[in-house]
2 protein chains.
Amino acid sequence: MDRLDRDIIGALIEDARATYAEIGQRVGLSASAVKRRVDRLRETGAITGFTARVQPAALGWTTEAYVELFCAGKTSPAEIGVAIARHPEVVSACTITGEADALLHIRATDVRHVERVIERLAAEPFVVRTKSSVVLSRLIDAPPALARNESASSA
Amino acid sequence: MDRLDRDIIGALIEDARATYAEIGQRVGLSASAVKRRVDRLRETGAITGFTARVQPAALGWTTEAYVELFCAGKTSPAEIGVAIARHPEVVSACTITGEADALLHIRATDVRHVERVIERLAAEPFVVRTKSSVVLSRLIDAPPALARNESASSA
DNA sequence: CGTGAAACCGAAGTCCT
DNA sequence: AGGACTTCGGTTTCACG
């Protein structure tokens, strides 16, 4: 995992369908060398796959919200994970420090749909209370680059 | 945008490097037909691109946090967006309803790094206060499927 | 708008430096 | 480990139903 690997990953994040020759030109390597490194990055798990970047609005998912979950005393993260995985609207979720136990990111078709999802979540037996915020406008979407900085020591 | 398009998008979300023939076999179309639809989906903006799925931890980004921003009275979303775009650790951001004005998702190398980012964010002139939660464990990562349900009326 | 065939070009494997 | 070459398969385009 050196500079070259990070440059290659950066190129693949920008365009996962770039040809090995194009990537090689960008990072200063031949196509074969790039392929070898990409194969290795996939084997080691640094790259877990390739996906299409979709505009959720184009599919009808026009509304998103963040929902904080306050859970009953002895609820394990695993228990929360299993339960919320049943709700397809939950796009991302994690346990966090602070007052709330978990933070969920949900995507829905409209505000009414958001409401229904929150109701369904609140109905989970271990959920004591929820606190939700509807997204007004998205400022930054995501992966502009994970690999551009020195990314510190590790890896 | 019909059932076929959504199935194709679903296939591409799962594996953006799948061949047109493979996708065609899955959705019941020939390779050429699939390519034509994919081209159209890209032109109309439903598909915005293809990216690699990376395990941030493999690149040294082992810590993430969510930061709520409380801004000065007359701060516009655009102003917030421009300012936070200068912080490379901000992976996602949006304005929200509720007490806070904006919610930021940041990725950092360690907790010390998180602290520095929060300090830098708090130093922005329009930021009155911040409230942050460090992620303990991730339960759901993301795009398992955006296109599997009927996705309601629109689109 | 779908299918099937032909030309092109990148991918995958091998050998050499 | 990187670079060059060859074979194979996918992509792309075209004509047709």
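The sequence lines fix the lettering, A, B, ..., with proteins before strands; numbering per chain opens at 1.
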Item to check | Summary of ring pair (Phe, Tyr, Trp, His ring centres under 6.0 Å) pairs that have at least one residue in residues 94-124 of chain A, sequence neighbours excluded | outcome: A:Tyr66-A:His105
Checklist entry - Counting only heavy atoms not in B:Glu79, do more than 12 fall under 6.0 Å of its CD? => result yes
Checklist outcome for this item: Once base and sugar-phosphate atoms are separated, protein heavy atoms under 4.0 Å mark nucleotides 9-15 of chain C, 5' to 3', with B, S and - as -SSB---
Next on the checklist: For a quick check of understanding: with a heavy-atom distance under 4.0 Å over all strands, which category does A:Arg40 fall into, base, sugar-phosphate or nothing?
Outcome noted: nothing
Item to check | Salt-bridge criterion met for A:Arg37 and A:Asp2 (N-O under 4.0 Å) | outcome: yes
Checklist entry - Hey, are the side chains of B:Thr97 and A:Leu136 touching, using non-hydrogen atoms and a 4.5 Å cut-off? => result yes
Checklist entry - Of all nucleotides in DNA chain D with an atom under 4.0 Å from a non-hydrogen atom of chain B, which is the first and which the last going 5' to 3'? => result D:dG10 to D:dT13
Checklist entry - If we only count heavy atoms from C-beta on, is the A:Ile80 to A:Cys71 side-chain gap below 4.5 Å? => result yes
Checklist entry - Side chains of A:Leu59 and B:Arg6: closer than 4.5 Å at any heavy-atom pair? => result yes
Checklist outcome for this item: Members sharing A:Val82's hydrophobic cluster, built from side-chain contacts under 4.5 Å between Ile, Leu, Val, Met, Phe, Trp and Tyr, are none
Checklist entry - Under a cut-off of 3.5 Å for both distances of each Watson-Crick or G-U pair, what dot-bracket string does DNA chain D give, using [ ] for crossing pairs and | for inter-strand pairs? => result ||||||||||.||||.|
Checklist entry - Thinking salt bridges, do A:Arg138 and A:Glu64 make one under a 4.0 Å N-O criterion? => result yes
Item to check | Residue pair A:Met1 / A:Leu41, side-chain heavy-atom distance below 4.5 Å | outcome: yes
Checklist outcome for this item: The side chain to side chain donor-acceptor pair (under 3.5 Å) partners of A:Glu115 (sequence neighbours excluded) come to A:Arg112
Checklist entry - Expressed as a whole number of Å, how far does the C1' atom of D:dG17 sit from that of C:dA7? => result 22 Å
